[in-house]
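One structure is given below, encoded as structure tokens.
In this text, all values refer to a predicted model and were calculated from it rather than measured experimentally.
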Amino acid sequence: MTPTYPAPTSVPGDLWGKRQRDPLLRAVAGVATAYMRSLRFLYRTDITPPVSDGCRRMLVRERRVVAPDENVVSLTLAAPDGGELDRWRPGAHLDLELPSGRRRQYSLCGDPADSRAYTIAVRRIPDGGGGSLEVHDILHPGTSVKVRGPYNAFPLALPGHGSTADGLHFVAGGIGITPILPMVRLAHRLDLDWSMVYTGRNRESLPFLDQLEEFGDRVTVRTDDDGGMPTAAELLRAVTDTSAVYCCGPIPMIEAIDDALPSRVEFHYERFSPPPIIDGRPFEAELARTGEVVEVPADRTALDAISEVRPGLAFSCRQGFCGTCAVGVEHEGRTSGQMLLCVERTQGERVVLDI
């Protein structure tokens, strides 16, 4: 099988955030960690705690509507006994296993100093994969949900401590504010040189506007209904050659920024939608357990096509990172490898899957 686009087994540098691997990253990791630990006066405990890979059951402690259009809710999650949770740094996310069995990733948007709660925010997407509808309609205060993490594939490197930049510029598109918000709070606490542009369809669709007011003119809100869609130049107006840019939003916005930035400027990003299929070929996927044959069109993933007949298929990131959708590939009745349904495909031949 040949992937239409890279199907990594680990997080590549350009998938979640950086144009090219920073050769100094490993060398400065120890220095950065020591520096962050020196900031304990800002936090009740260590800012760089160990990360848990296990699954735990948590309770929804609070649910709040956080956008004027009422289509974004924030959920505060806590341990059933109210105990301490694994700590996290800005840019981290959780994996939620919803009551239906769906797995979804949501960025942490609360305060890392709060060691007894995790906060996420989710936009309701009526024509999406059903995860957001389940969050909105089922996860009310008192409901339990399985949680994995926190994980961090979009870390913030501070100027002089993991980054050669002398200033930070943040760009958030709509619900992309969720990983950016803790970054902005930390930059503000440390009195760093930073700026931000927050963009979306209109102000009614933008969550957490009230929380951004305290930052004054450091934050520019730019909406499509007030001047049309912003250009890359507008989004990057405050950027200099020595800035580091952090962006979370739709793929077209990320691509426009990437094209506009000089290669010497650090660019870190996280996207919240799957990458496009490029030069895909149609193929057939045979489901070994039933003998059903599913046609996978050239412009759709195997995950999308198979989910129509197997709606309970597990998936999460849709970008080849988490491995949740990996299934066995059968050859002559034996499993001979795995296929990531969200990104891998064949060059037109039939594949037999252990489904």
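- Residues V296 and R345 come closest through the heavy atom pair CG1-NH2, 3.9 Å.
- Remark: R289 engages D354 in a salt bridge, criterion side-chain N to carboxylate O under 4.0 Å.
- In this structure, the salt bridge (Lys or Arg N to Asp or Glu O under 4.0 Å) partners of D241, at least two apart in sequence or on a different chain, are R264.
- Proximity of a side-chain donor or acceptor of E286 to a complementary backbone N or O of R350 within less than 3.5 Å is not detected.
- Cluster annotation: L108 and V60 are assigned to the same hydrophobic cluster (Ile/Leu/Val/Met/Phe/Trp/Tyr, side-chain heavy-atom contacts under 4.5 Å, transitive).
- With salt bridges taken as basic N to acidic carboxylate O contacts below 4.0 Å, one links D137 and R124.
- Contact between D111 and W88 at its shortest, heavy atoms only, is C-CZ2, 3.7 Å.
- Judged purely by atom type and a 3.5 angstrom limit, S243 uses its side chain to pair as donor or acceptor with the backbone of T240.
- Formation of a donor-acceptor pair under 3.5 Å by the Y118 side chain with backbone atoms of G110 is not found in this model.
- Under a hydrophobic-cluster definition in which Ile, Leu, Val, Met, Phe, Trp and Tyr are linked whenever side-chain heavy atoms come within less than 4.5 Å, directly or via other members, V309 and V351 are assigned to the same cluster.
- Between atom CD of residue Q105 and atom NE2 of residue H93 there is a gap of 4.0 Å, rounded to the nearest 0.5 Å.
- Between E97 and R104, no side-chain nitrogen of the basic residue sits less than 4.0 Å from a carboxylate oxygen of the acidic one, so the salt-bridge criterion is not met.
- To the nearest 0.5 Å, atoms CZ (R56) and CG (L85) are separated by 6.0 Å.
- Here D95 pairs with R103 in a salt bridge; the nearest charged N to carboxylate O distance falls below 4.0 Å.
- Of the inter-residue distances, the one linking I125 atom CD1 with L133 atom CG reads 8.5 Å to the nearest 0.5 angstrom.
- V327 and L287 end up in the same hydrophobic cluster when Ile, Leu, Val, Met, Phe, Trp and Tyr side chains are linked at under 4.5 Å.
- For the salt bridge (Lys or Arg N to Asp or Glu O under 4.0 Å) test, residues two or more places apart in sequence or in another chain that qualify with D69 are R123.
- In this structure, OG in S307 is found 8.0 Å from CG in L341, a value given to the nearest 0.5 Å.
- The NE2 atom of H136 sits 8.0 Å away from the CG atom of L75 when rounded to the nearest 0.5 Å.
- Using modelled atom types, one finds no donor on one side chain facing an acceptor on the other under 3.5 Å when comparing T223 with N202.
- Summarising the geometry, atom CZ belonging to R300 is positioned 9.0 Å from atom CD1 belonging to I277; distances are rounded to the nearest 0.5 Å.
- When the salt bridge (Lys or Arg N to Asp or Glu O under 4.0 Å) test is applied to E255, no partner is found at least two apart in sequence or on another chain.
- Within the structure, side-chain hydrogen bond (donor to acceptor under 3.5 Å, both in side chains) contacts touching residues 169-178 (residues at least two apart or in different chains) are H169-S195.
- Closest approach of I254 and C247 over heavy atoms only: CG1-SG, 3.9 Å.
- By the salt bridge (Lys or Arg N to Asp or Glu O under 4.0 Å) test, E234 pairs with R222, sequence neighbours left out.
- Across all their heavy atoms, L168 and L192 have their closest contact at CD1-CD1, 4.0 Å.
- Each ring-ring contact (aromatic ring centres under 6.0 Å, His included) pair with one or both residues in residues 199-239, not counting sequence neighbours, appears once here: H188-F215, W194-F215.
- The residues R281 and D299 are annotated as not salt-bridged, no charged nitrogen and carboxylate oxygen being separated by less than 4.0 angstrom.
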